[in-house]
Engineer: 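The following block contains the structure, expressed as structure tokens.
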Amino acid sequence: MLTLGLITDLHFGPEAGFAGKLRKLTRSAPGLAKAFVARMNDVVHPDLVVNLGDDIEDESHDADLARYDACVKLLRGARAELVNVAGNHDTAHLAPAELLSVWQRPDLDRLYHSFDRGGFHFVVLHTRERKDHDVTVGDEQLRWLREDLARASAPTVVLMHHSAADQDLRGNRWFEGSPHICLVEERRALRTILRESGRVRVVFNGHLHWNHLDVIDGIPFVTLQSLIENLDDDAPGRPAAAHAVVHLEPSRVVVKVEGAERATYQFEA
Ligand SMILES: [Fe+2]
Ligand SMILES: [Fe+2]
């Protein structure tokens, strides 16, 4: 069995509102991230810590690089291997090479890759958002994904920032009516590749700042709530403090969403 600690959308940086209301409790980000690391070390003891992206609230190149580095350094305090996924705010002002340098992955030359751990295959995708326009993975990445999954023989976990599900966005305060900036444009083709591999057990993403589950063609697509999302309508606010603990077995996946809004999902192959 393999245990993962998942966290997403930490948004280190300046306060951010939406429609004039305080929505991201960025001021709480470092403290909540520290609490997550302490819980991983004291209670959960995961094999991997997975950071699904949007480490920062983007502002400028230099501020973003300092905050991105600070966020990843803090997560490295967990005594587990750290796996990072690039989010749209992370790449607003920072180049892929800068993210890879903070990830301490000089062996990579792009932000998507795969690896094997503990009897599982892990795929990290890079979903690219053009602000207010679209979210894509591109033909080259789709081709790579098909080939990578064809080579793999282990049960597989996919990690990405935006969602590949067809989510019903009604009630999402950030994305209701705006699927083009939260769902991957090529999601149908991407899901076909995942389905045809026959090995994908679960797909995790962040970005939508809510907890959401879709099961499509037998594959669970799990969206994790942002660590710092304000559960109230405005200031002073109440952070979601969300993270997830995932237990992976070859034919069973158990996801426990922790924080202010808890949930447990269990999937059996
Ligand atoms: Fe985010
Ligand atoms: Fe995002």
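Excluded from the calculations below are hydrogen atoms, water molecules and symmetry mates; all remaining heavy atoms, backbone and side chain alike, are included. Counting convention: from 1, in listed order, for ligands and their atoms alike.
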Engineer: For Phe175 together with His209, are the ring centres under 6.0 Å from each other?
Structural biologist: no
Engineer: Taking the Fe ion (ligand 1) as the vertex, how big is the angle to NE2 in His209 and NE2 in His11, rounded to 10°?
Structural biologist: 90°
Engineer: State, yes or no, whether a side-chain contact exists between Leu145 and Leu194 at a heavy-atom distance under 4.5 Å.
Structural biologist: yes
Engineer: Would you say the side chains of His11 and Glu57 form a donor-acceptor pair under 3.5 Å?
Structural biologist: yes
Engineer: In Å and rounded to the nearest 0.5 Å, what is the CG to CZ distance from Leu52 to Phe204?
Structural biologist: 8.5 Å
Engineer: Compare all side-chain heavy atoms of His161 with those of Asp9 and state whether any distance is below 4.5 angstrom.
Structural biologist: yes
Engineer: Kindly indicate, with the supporting measurements, whether the criterion salt bridge (charged side-chain N to carboxylate O under 4.0 Å, His left out) is fulfilled by Asp139 and Arg143.
Structural biologist: CA-CA 6 Å; Asp139 291 342; Arg143 209 164 29 243; 5.7 Å; no
Engineer: For a distance under 2.8 Å, give residue and atom name for each protein N, O or S atom next to the Fe ion (ligand 2).
Structural biologist: Asp54 OD2, Asn88 OD1, His161 NE2, His207 ND1
